[in-house]
Enquirer: 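Quick one: the structure is below, questions incoming.
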Amino acid sequence: AASFCYPLFDMLELCQGTPVPSAVHGSRPYQVIREAIADIMCWTNDVHSLHMEQAAGEPINYVTVLQRAEACTLDQAVEEVCRRIGLRVEDLLSAQRELSALPPELSAPRRVREAVSRCVGGFESWAGRMEEWDRTGTDRFDPSTIGASGLPSYVADLLPGSQD
């Protein structure tokens, strides 16, 4: 929830001009698609940014949390997170097939089916661009953003009692 995926997915749905019917929105495949894309994006980010987050002393990373929880090596934790990303990709692909097989009456007329398809494509595009931005366009690991607490300013803002 902290990654802002779900509010953005909701916004993308609203921007389609054709509402996603509640029967489709609440369906298992549509919800799995939203959840899987959010997980894939967030977990991939945690693998990509691990070295920077460790250098910054940032405690919020799936790899480091898993390493502590499972009492394993860092390499084992990275491998496990990557394995879990692969499983979520399989979940995503399966849910997309399942969504396309929903009874037509749930997503009729054609403009609604097209809007649902655009939403799912928009979720995927946003997640991919977010990954690119996080690796190339953000200053979140710029040393000048590190406050007196030793944490990046955006982390200090999230953690009670760590304000600079």
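None of the values given here were measured: they were computed from a predicted structure.
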Enquirer: Could you measure the distance from the CD1 atom of Ile33 to the OG atom of Ser27? Nearest 0.5 Å is fine.
Expert: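 Here the rounded value is 7.5 Å.
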Enquirer: With distance as the sole test, does Ser100 use its side chain to make a donor-acceptor pair with the main-chain N or O of Arg97 at under 3.5 Å?
Expert: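 A pair under 3.5 Å: yes.
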Enquirer: Is there a chain of hydrophobic side chains (I, L, V, M, F, W, Y, each step under 4.5 Å between heavy atoms) that links Ile40 to Phe4?
Expert: yes
Enquirer: Kindly give the heavy-atom pair with the smallest separation between Thr73 and Gln67, and that separation in Å.
Expert: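 Heavy atoms of Thr73 and Gln67 come nearest at C-NE2, 3.8 Å.
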Enquirer: Nearest heavy-atom pair of Ala36 and Leu92: which atoms, and what distance?
Expert: CB-CB, 3.9 Å
Enquirer: Rounded to the nearest 0.5 Å, how far does CD of Glu13 lie from OH of Tyr30?
Expert: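 That separation rounds to 3.5 Å.
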Enquirer: Salt bridge check: are Arg83 and Glu79 linked by an N-O gap of less than 4.0 Å?
Expert: no
Enquirer: Identify the heavy atoms of Val20 and Val116 that sit nearest to each other, and give their distance.
Expert: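 The answer is CG1-CG2, 4.1 Å.
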Enquirer: Looking at Asp46 and Tyr62, what are the two nearest heavy atoms and their distance?
Expert: OD2-N, 2.7 Å
Enquirer: Could you pull out the closest heavy-atom pair between Met52 and His48, with the gap in Å?
Expert: CE-O, 4.1 Å
Enquirer: What's the spacing between Phe123 CZ and Cys5 SG if we round to 0.5 Å?
Expert: 10.5 Å
Enquirer: Give, for atom CD1 of Ile37 and atom CZ of Phe9, the distance between the pair rounded to the nearest 0.5 Å.
Expert: 5.5 Å
Enquirer: Quick one: do Thr64 and Glu53 satisfy side chain to side chain contact (heavy atoms under 4.5 Å, CB included)? Show the steps, please.
Expert: CA-CA 10 Å; Thr64 55; Glu53 291 175 357; over 6 Å; no
Enquirer: Any Lys/Arg nitrogen of Asp10 or Arg34 sitting under 4.0 Å from an Asp/Glu carboxylate oxygen of the other?
Expert: yes
Enquirer: Within the distance-only criterion (no hydrogens, no angle test), does the side chain of Ser125 pair as donor or acceptor with the backbone N or O of Gly122 below 3.5 angstrom?
Expert: no
Enquirer: Return the CD to OG distance between Gln54 and Ser49, rounded to the nearest 0.5 Å.
Expert: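 Here the interatomic distance stands at 9.5 Å.
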Enquirer: Can you name the closest pair of heavy atoms from Arg88 and Glu35 and give their distance?
Expert: NH2-C, 3.3 Å
Enquirer: Evaluate the criterion side chain to side chain contact (heavy atoms under 4.5 Å, CB included) for residue pair Leu50 and Leu74; output intermediate values, then yes/no.
Expert: CA-CA 10 Å; Leu50 176 63; Leu74 186 63; 3.9 Å; yes
Enquirer: When hydrophobic residues are tied together by side-chain contacts of less than 4.5 Å, even through go-betweens, does Val24 share a cluster with Tyr6?
Expert: yes
